[in-house]
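Here's the structure we're looking at; comments come further down.
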Amino acid sequence: MAKRFYITTPIYYVNDVPHIGHAYTTIVADVLSRFHRQSGFETFFLTGTDEHGNKVLQAAEAAGKTPEAYADQISALFKDLWPQLDISNDYFIRTTAEKHKKVVQLILKKVHENGDIYFGEYGGHYCFGCERFYTQRELVDGKCPDHQKEPQFIKEKNYFFKMSKYQNWLIHHIEEHEDFIRPEIYRNKVLSFLQEPLEDLCISRPNNRLSWGISLPFDSRYVTYVWFDALINYISALDYPSGSAFKKFWPVAEHLIAKDILIPHGIYWPTMLRAAGIPPYKRLNVHGYWNIKESKMSKSLGNIIRPLEVKEKYGLDSFRYFLLREMAFGLDSNFSEDALVQRINSDLANDLGNLLNRTVAMVIKYFEGKVQSPGPVETIDEALRETASSVVEEVEVFMREMAFNKAFSSTWKLIAKVNQYLDQTAPWSLAKEKKQQRRLATVLYNALESLRIIAILIYPVMPRTGVEIWRQIDLGAQLPEQEFSQAKIWGQYRVGSIVERARTLFPRVDTPKAQGMDG
RNA sequence: GGCGGUGUAGCUCAGUUGGUUAGAGCAUACGGCUCAUAUCCGUAGUGUCCGGGGUUCGAAUCCCUGCACCGCCA
């Protein structure tokens, strides 16, 4: 059985510029992809942009552009951002791509022919800006909260998807598959949502009101609305129905989303797939929000965190590490520069960076940079090896569970253990005695070997740092191709390597109080 | 209004099925080392486990109730 892994991010809507939320989701997907590639999985990592709808059309008009040109421009903002955050996606899907539109129409046709799409009438308070209906309760002083305008009551005929027909099947499927939606709190939310009767889903808009969309194959007076367009990207990118990528990767599909789109992904999408005769995805992974200073991030509060600004100021790997270390997957977390600086100084500069630095410095000082072969194993060496081995095992389990905070806290147990090991074996004292040269060589070898392993463990989240550690300890640039299993085998580090003292891994951030980016 | 979540050390949080003196990291204080990015190692803490009531030999954990904050739904 081939080991395969398929991970998706949502496709991001192009009326918004990239912020920390987009960055987090995409970085998590990247870390998972790198980890699975390390673990020998054939991996497909998908991200992209959602480009239809009125908001895009209006923004295009405001900018004096065609919607095509405008979508190209904003889509490129995302596409160009990802390489700068070391995102290793295999494909970038756009909903305006021909291949996507074809699949959307194919699915619509299929579901329509199966009798699961019908024509009906719907009336309600409609906000043209949002291109959606509002309930009375959602309105603030009778006005749309986004546009501060009174919605109009309209009645119109539209196409509906018989979602209700698949409600029982879906409940059953979720109950049978414990891992279908995780963490559990989101699985429970979906199940409790399903306790009420599902309404059918309105899937069209008349094209005289919304022209920027994909035409219904069975009625050209309408375009499809939102979900039958956007969600289908996950299979159109794989060249559904006959593409080899679809056959290989769909059975192992895992989606990654923030909690705001739980219902579309947990309910609409599986029922759509069912109606189209496609098996459901394997798993939906749901994460929480990044709050800024205890409040929600929003344009109106002016507290948008821009990923490239953080990278510029603190470095990319630090940012990636912080995001994964600080958030318990599934829960909300707070982003603050103070917390980021604290992580950088204590975890990265003091613990990890300084460990590499002191180890390499001693090899240079005592052996002119050349790694000597180790001597007999002592009890304290054995304890270090055992810690390394148990940490590697824990990290593997935690990564599979998406418990990144635990995975890295575990990795840091090993880093602390090596610092402690150096303290207890005191190589600087051994260096003073001629007959302790072999013991000195052993201690330094063990520290370097630990660093080799640590680099493999941190590679998914901090690829640049991992590679830099390997370079400094003369293991070359092969870390990205290194199997995770190599972290499990002690003693891989080559005797005779020439270590190199290069740049500081993480400079300490000494500003007493960081400010500017979040306030 | 209905449902759900959260409330534990100064801060961020762990605490499995109820079981000894409630934990980790950071921050703080003191001590040690000097290879290292004034870094590292060790020691020390401090807690009305949101309030009240109950079950139990025993409750942060289970039940009831109140308060605060958050989310989803109507």
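What you see is a predicted model; the values in this text were computed from it and never measured.
- Across all strands shown, A/Phe506 has heavy atoms under 4.0 Å from base atoms, whether or not it also approaches the sugar-phosphate.
- We find that CG of A/Leu448 is positioned 14 Å from C1' of B/rA36, with the value rounded to whole Å.
- Across the P atoms, B/rG51 and B/rA68 are found 15 Å apart, a figure rounded to whole Å.
- Residue order along RNA chain B, read from the 5' end via each residue's closest nucleotide, puts A/Leu331 first among A/Leu331 and A/Leu348.
- Counting non-hydrogen atoms under 4.0 angstrom, A/Asp351 reaches the backbone sugars and phosphates but no base.
- In the set B/rC40, B/rU37, B/rC35, the nucleotide with an atom closest to the side chain of A/Leu505 is B/rU37.
- For B/rU39, the OP1/OP2 oxygens have a side-chain nitrogen or oxygen of A/Arg508 closer than 4.0 Å.
- Taking atom CG on A/Leu355 and atom P on B/rA36, their separation rounds to 14 Å, with Å as the unit.
- Rounded to the nearest 0.5 Å, atoms CZ (A/Arg325) and CG (A/Asp347) are 6.5 Å apart.
- For A/Ile415 and B/rU39, the CD1 to C1' distance is 15 Å, given to the nearest whole Å.
- Taking atom P on both nucleotides, B/rU20 is separated from B/rU16 by 12 Å, rounded to a whole Å.
- A gap of 12 Å separates the P atoms of B/rG4 and B/rC63, to the nearest Å.
- A/Glu401 has its CD atom 15 Å from the P atom of B/rA14, to the nearest Å.
- Residue pairs meeting the ring pair (Phe, Tyr, Trp, His ring centres under 6.0 Å) criterion with at least one member in residues 417-456 of chain A, sequence neighbours excluded, are A/Tyr445-A/Tyr493.
- Relative ring orientation between A/Phe180 and A/His177 is described as tilted, the plane-to-plane angle lying within the 30° to 60° band.
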Legend entry - Derivation of the side chain to side chain contact (heavy atoms under 4.5 Å, CB included) call for A/Lys488 and A/Ser389: CA-CA 6 Å; A/Lys488 297 175 183 171; A/Ser389 153; over 6 Å; no
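- Closest contact between the side chain of A/Thr504 and the listed nucleotides B/rU12, B/rU37, B/rC26 involves B/rU37.
- A straight line from CZ of A/Phe193 to P of B/rC72 spans 12 Å, rounded to a whole angstrom.
- Note: CE (A/Met362) to P (B/rU39) measures 18 Å, nearest angstrom.
- Phosphate proximity of B/rU37 to A/Arg501: present, with a side-chain N or O under 4.0 Å from OP1 or OP2.
- Pairing of B/rU20, defined by two Watson-Crick or G-U wobble distances under 3.5 Å, is not identified with any nucleotide.
- Atom C1' of B/rA29 sits at a distance of 9 Å from the matching atom of B/rG45, rounded to the whole Å.
- Using N1 to N3 plus N6-O4 or O6-N4 for Watson-Crick, or N1-O2 and O6-N3 for G-U wobble, each under 3.5 Å, B/rA36 pairs with nothing.
- Under the ring pair (Phe, Tyr, Trp, His ring centres under 6.0 Å) criterion, A/Tyr24 pairs with A/His287, A/Trp290, not counting sequence neighbours.
- For the C1' atoms, the distance from B/rU56 to B/rU46 is 30 Å, rounded to whole Å.
- Put simply, CG on A/Leu191 is 14 Å from C1' on B/rC72, counting in whole angstrom units.
- Using bins of under 30°, 30° to 60° and over 60° for the plane-to-plane angle, the ring pair A/Phe484/A/Phe35 lands in the perpendicular bin.
- One N or O donor and one acceptor, one from the side chain of A/Asn354 and one from the base of B/rA36, sit under 3.5 Å apart.
- Ring orientation note: the planes of A/Tyr281 and A/His255 are nearly perpendicular, at an angle over 60° on the 30°/60° scale.
- To the nearest whole angstrom, the two P atoms, one in B/rA24 and one in B/rC33, are 26 Å apart.
- In this structure, B/rG25 and B/rC11 make a Watson-Crick or G-U wobble pair, each of the two defining distances being under 3.5 angstrom.
- In terms of position on RNA chain B, the residue among A/Thr359 and A/Asp347 whose nearest nucleotide sits closer to the 5' end is A/Asp347.
- Residue contacts for A/Ala349: at a heavy-atom cut-off of 4.0 Å it reaches a base atom on one of the strands shown.
- Across B/rU37, B/rC26, B/rG25, the shortest atom-to-atom separation from the side chain of A/Arg343 is found for B/rG25.
- Using P as the reference atom, B/rC50 and B/rA44 are 26 Å apart when rounded to the nearest Å.
- Between B/rC69 and B/rC62, the distance separating the two P atoms is 24 Å to the nearest Å.
- An OP1 or OP2 oxygen of B/rC13 is reached within less than 4.0 angstrom by no side-chain nitrogen or oxygen of A/Asn405.
- One interatomic measurement links the two molecules: CD of A/Glu196 to P of B/rG4, which rounds to 13 Å at whole-angstrom precision.
- For the pair A/Arg205 and A/Tyr225, the cation-pi criterion (under 6.0 Å, within 45° of the ring axis) is fulfilled.
- Comparing atom distances between the A/Lys189 side chain and each of B/rC26, B/rC40, B/rG71 picks out B/rG71 as nearest.
- In this model, no donor atom of one side chain and acceptor atom of the other lie less than 3.5 Å apart for A/Asn285 and A/Tyr186.
- For B/rG45, there is no paired nucleotide, since no Watson-Crick or G-U wobble pair has both relevant distances below 3.5 Å.
- Across all strands shown, B/rG51 pairs with B/rU65; the Watson-Crick or G-U wobble distances both stay below 3.5 Å.
- In this structure, B/rG2 forms a base pair with B/rC72, meeting either the Watson-Crick or the G-U wobble geometry with both donor-acceptor distances under 3.5 Å.
- Looking at residues 418-446 of chain A, you'll see A/Asn419, A/Gln420, A/Asp423, A/Trp428 sit with a heavy atom under 4.0 Å from some atom of RNA chain B.
- Between A/Tyr159 and A/Tyr118, the distance from one ring center to the other does not fall under 6.0 angstrom.
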